[in-house]
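Worth saying up front: this structure is predicted, and the values here are computed from it rather than measured. Convention: sequence-line order gives letters A, B, ...; per-chain numbering from 1.
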Amino acid sequence: MITARTSPLKAVLLHLALLAGTSFSLFPIYFVVQASLRPGNTLYSTELQLLPTNATLDNFRHMLLETPLPLWLWNSTKVAVATTFATLLITVTAAYALSRFRFRGRGLLLGGMLALQAFPGFLSIIAFYLILNRLGLTNTHLGLILIYSAGAIVFNVWNLKGYFDTIPVDLEEAAMIDGCTPTQAFVRVMLPLARPSLAVTALFGFLAGWNEYIFAQTLLFDESMYTAPVGIFGLQDTYSQPWGWFAASSLIVSVPVVILFLYLQRNLVAGLSAGGVKG
Amino acid sequence: MKRFTHILLAVLVAATLLLAACGQSSPAAAPTAPGAAEPTKAAEPTKAAPAAEPTKAAEPTPAPDALGSGSSEIVIWHGWQGDYYEAIKQAFADYASKNNVKITLLRVPDLNNKVQVAVPSGQGPDIIAWVNDQIGKNALSGTIQPLDSLGIDAAYLTQNFTDVASSAMVYDGKAYGVPESLEAITFIYNKKLIQTADLPTSTDDLIARAKAFNGPDKYLFVYSSKDAYFSAPWWQGAGVTLVTPDGKTELSSDKGLKAAELIKSFSTIMPKEIDYGVADTLFKEGKAAIIMNGPWAIADYQKSGLDVGLATVPVVSSSGQPGQPFVGVKLLMLAANAKNPTGAVELMKYYGSAEVQAKLAQVNKQVPANKAAQEQVKSDPIIAGFIAQAANGKPLPNTQFIDAMWDPISKTLEAIWTGASPPDQAIKDGATLFDEKAQDLK
Amino acid sequence: MAQSLTRQRPAPASAGSHNQSVRQSLTAAAYLMPALIGILVVNVLPIFYNMYMSLTNRNGPARFAEGKYRVVGFDNYIRLLSQSDFYIVLGKTLLYATLCVTLFFTVGLAFALILNHPAIRGRAIWRTLMILPWAVPTWVTALIWKFLFHGQYGPINQILRLTGLPAPDWLLNGTSAFVAITVVNLWMSYPFFMLILLGGLQSIPTDMYEAASIDGASWWRQLWSITLPLLRPVALPAVILSAIAQFQMFNTVWLMTKGGPVQRVGQPGATELLLIWAYNQGFQGAQRFGLVSAFAIVVFIILLAITALYIRVTNATKGVYE
């Protein structure tokens with residue numbers, strides 16, 4: 001697939017293809033931006049408006065100053081950050097064990113985790129509710145963190161294990177010959193090398209806590225406990241959706257995620273490759 | 001890499017086949033060791049989480065709204081919003097300071113499902129603020145309790161509230177709530193686009209006038225036509241009882257066919273793909289002269305600079321009777337496991353008083369359930385419009401069978417509207433679907 | 001799983017003394033414990049609960065409260081599996097999941113290949129712009145897409161009309177509604193596949209292609225015999241997990257079409273996928289917890305079987321290639 005020289009025509013075509021893909025990605029987002037800038041709370045307009053008329057930042061001002069959105073964002077931050085750390089802790093250790101130790105039931109465990117994903121949890125929200133209730137965790141952020149971080153286990157363990165597998169065992173063995181325990185070798189040798197896939201795990205943990213709303217809506221009663229998606233979704237009444245507020249607040253909610261994307265750029269690609277070829 | 005894939009695949013095949021086999025042979029065989037389920041142990045992994053949780057920073061605005069500081073607390077779950085909520089909050093704050101109780105107001109979205117899961121597991125509020133169609137289901141599932149032994153019975157209700165409101169509180173011979181206000185959809189028109197004299201008087205008149213009035217992107221009349229609640233005036237005006245207390249529907253009948261054909265003819269005078277948002281926008285943008293909508297929309301229309309008037313839903317030509325919308329009665333209900341039932345009932349009585357309800361009506365332009373309050377506010381033209389419409393309406397049934405109605409009627413409407421089925425077929429199928437849904441509500 | 005771990009014997013492969021293996025196993029157990037407990041509470045317990053519920057008659061408000069319902073055996077399963085609609089919906093959902101994952105993979109791979117091409121300038125910018133759909137909450141984008149597809153006022157059709165192209169009522173017609181929900185799903189999911197495959201592509205050593213070029217292998221030939229086989233380990237878990245997720249699609253489609261458009265009242269709508277149908281059966285009208293639980297178990301078993309089959313098939317073809 002490497003050709004010595006790319007003809008200018010081909011290069012232009014490739015860039016045009018990228019432009020098409022990017023437009024596809026951005027087209028709906030553009031309309032979110034537009035709705036957020038439009039006065040009033042309508043999404044529909046009977047004429048095609050490519051530029052909003054009477055653009056205003058009113059919706060942003062309303063959401064940030066006149067609703068509990070800042071509090072909800074703070075709740076979301078707590079939940080997402082805690083989920084990130086919990087996910088990292090749970091999955092990194094599990095993936096390490098699955099990558100480096102040979103024990104009975106290892107295969108069953110890897111496959112079993114994948115198999116459990118096949119259960120449609122959405123249909124048994126009431127079961128989640130009852131379990132958390134038994135643990136005294138309904139209407140708490142802790143309950144949500146538990147669900148989110150456990151929900152993120154499977155993909156992340158698989159992804160991390162794949163990455164760990166690509167790191168030569170020799171490096172740890174060398175460390176152990178130098179007197180490290182396996183755990184020390186893991187922390188000092190493995191983790192720094194696995195940084196890209198740790199970044200991916202962290203991102204996925206964060207997204208799990210940041211964007212989810214079905215479980216959050218079921219398990220939280222108290223408006224002061226809401227995460228941002230629950231709070232924003234709750235702004236609609238039976239019939240009408242306040243589009244200006246929806247759009248403005250979803251953009252506000254998206255900002256931290258975009259920043260994370262930009263920050264994790266490089267790691268994102270490397271960390272997802274899960275040891276494709278090496279090994 | 002080869003080793004990795006090899007192991008990965010071998011493991012996957014072996015493990016998932018094994019698990020699948022277990023699952024198929026008997027549903028009791030679980031993919032994990034039975035007996036491993038120990039909820040006490042389960043608290044362990046979460047210990048890691050709070051350590052990582054930054055809890056120190058101060059919370060911005062504290063919600064929920066806790067009013068008063070009394071020793072006894074009454075918790076209310078509700079869905080109130082905006083200025084209306086502010087007015088209610090004020091009324092409760094007055095009560096809390098006078099009676100030395102603490103009233104906690106929690107706005108709970110998805111109230112319906114929340115109550116269903118929370119109350120049986122020993123949680124939830126003392127009082128639930130809702131609409132009367134929820135009474136039957138919740139009485140049956142034991143999430144709310146009757147009030148007769150606590151001082152609110154049928155006699156108390158009829159003495160203080162309008163007949164429609166009081167009868168809407170009674171289910172299976174017992175009183176289950178204190179009514180707040182009556183809500184019905186009505187014709188709202190844009191005075192700039194249509195004169196009062198030109199308002200349609202019957203559905204035939206409406207269609208004829210629409211054909212003359214409509215132009216490109218210009219409509220005489222719009223409404224959320226695929227929504228069961230919004231279609232009720234046509235069915236009921238034609239004489240159809242949509243749901244009976246014993247779980248039947250008259251949807252599939254000669255009268256039902258007349259209504260279905262009427263709805264079909266509406267599809268020729270409105271945009272094909274219409275829902276609440278589209279209808280609302282057309283009206284707000286001045287592209288539709290009349291919309292059928294409820295009291296909640298008035299403030300928004302006035303804010304958009306429209307000068308609006310109200311008119312009752314016109315006569316349904318096939319029957320000669322006026323279109324009959326549902327009249328929903330907002331109310332307070334007592335949760336089955338209320339911690340403070342007597343205190344809660346006192347509060348509910350206060351909420352039903354003329355003084356509170358008149359105040360709420362002025363803020364929210366709604367029809368008070370309290371008779372004396374209704375007298376006080378009926379001079380307001382908007383409230384008067386809704387009082388007139390409610391007089392033509394039919395109380396929203398409080399039987400649990402109403403839950404069998406919404407989805408089948410919405411689907412019937414869609415089939416009629418898009419032409420997926422002819423009207424006679426659509427109502428027949430709709431009634432069959434209703435019967436299927438009603439089966440488990442008995 | 002927990003038991004198989006505690007009962008485990010030392011792994012024979014590990015070098016060193018017996019004691020060392022025991023210690024290694026214990027270390028492994030300790031490392032796995034948090035994940036196991038999490039999985040147990042969040043993934044396994046609900047399955048048990050559902051199995052129990054599925055055997056009860058907890059359907060409808062009169063049988064909702066604790067003590068009001070009882071175990072009735074397999075009634076819910078019989079009721080579910082005797083409906084011919086179930087199999088229609090199942091077939092449609094399989095078609096949808098297969099179509100979606102195929103599209104995700106193909107489109108994701110196409111853009112990954114383009115992004116990985118040495119002639120591309122500003123790679124990081126393109127990549128970031130293309131993954132932005134990921135950042136916006138899904139329920140907002142689902143509602144936005146519903147508006148974009150509106151027959152009369154939607155921007156898609158307004159643009160189509162300006163260019164003189166036919167502008168169908170996307171969400172009112174069965175086939176085009178199905179196309180619409182597929183497009184939306186592609187929009188949400190292809191960036192993830194693109195990233196994963198891009199990572200995979202970047203770890204393939206270039207000398208493999210150089211050698212193939214010297215042997216005169218065409219671009220297609222290289223794609224089939226080098227790129228795709230080497231991407232397999234990266235793609236396989238993603239494909240499986242994504243297929244499972246598509247099979248369980250609810251939220252986006254529900255917000256866009258509610259399973260409609262209605263073809264005939266009482267029959268599944270054009271986009272009424274398995275979980276939407278389950279929701280309509282179980283929660284629109286009476287709350288049928290027993291029936292829905294049986295549904296969840298049946299879906300679980302079907303998905304397990306399909307996943308296992310898929311892995312066996314892909315494994316078999318792998319044997320053919322190598």
Do any N or O atoms from the side chain of [X] and from the backbone of [Y] form a donor-acceptor pair under 3.5 angstrom?
X        : Y        : answer
B:Lys437 : C:Gln284 : yes
C:Arg63  : B:Asp440 : yes
B:Glu273 : C:Gly151 : yes

Please report the closest heavy-atom contact between [X] and [Y], naming both atoms and the distance.
X        : Y        : answer
C:Val265 : B:Ala415 : CG2-CB, 3.8 Å
C:Gln152 : B:Tyr219 : NE2-OH, 3.1 Å
C:Arg264 : B:Asp429 : NE-OD2, 2.7 Å
B:Ser141 : C:Ala65  : O-CB, 3.7 Å

With a 4.5 Å cut-off on side-chain heavy atoms, are [Y] and [X] touching?
X        : Y        : result
B:Asp217 : C:Tyr153 : yes
B:Lys411 : C:Asn280 : yes
C:Lys146 : B:Asp275 : yes
B:Asn138 : C:Pro61  : no

Can you say whether [X] sits under 4.5 Å from chain C via the side chain, the backbone, both, or neither, judging by heavy atoms?
X        : answer
B:Thr412 : both
B:Pro271 : both
B:Lys272 : both

Highest number of heavy-atom pairs under 4.5 Å with chain B: which of [options]?
options                              : answer
C:Arg288, C:Gln263, C:Glu66, C:Lys68 : C:Arg288
C:Pro261, C:Ala286, C:Ser54          : C:Ala286
C:Gly174, C:Gly269, C:Ala62          : C:Ala62

- Under a 4.5 Å heavy-atom cut-off, does chain B meet the side chain of C:Gln287, its backbone, both or neither? side chain

- Message: Tell me which of these, B:Leu140, B:Ile274, B:Leu433, has more heavy-atom pairs under 4.5 Å with chain C than the rest.
- Response: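 Counting heavy-atom pairs under 4.5 Å, the top option is B:Leu140.
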
- Task: Go through B:Gln425, B:Gln400, B:Met405 and name the one with the most non-hydrogen pairs under 4.5 angstrom from chain C.
- Result: B:Gln425

- Message: Are there over 12 heavy-atom neighbours, none belonging to B:Lys428, within less than 6.0 Å of that residue's NZ?
- Response: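 No, the 6.0 Å shell around NZ holds no more than 12 heavy atoms from other groups.
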
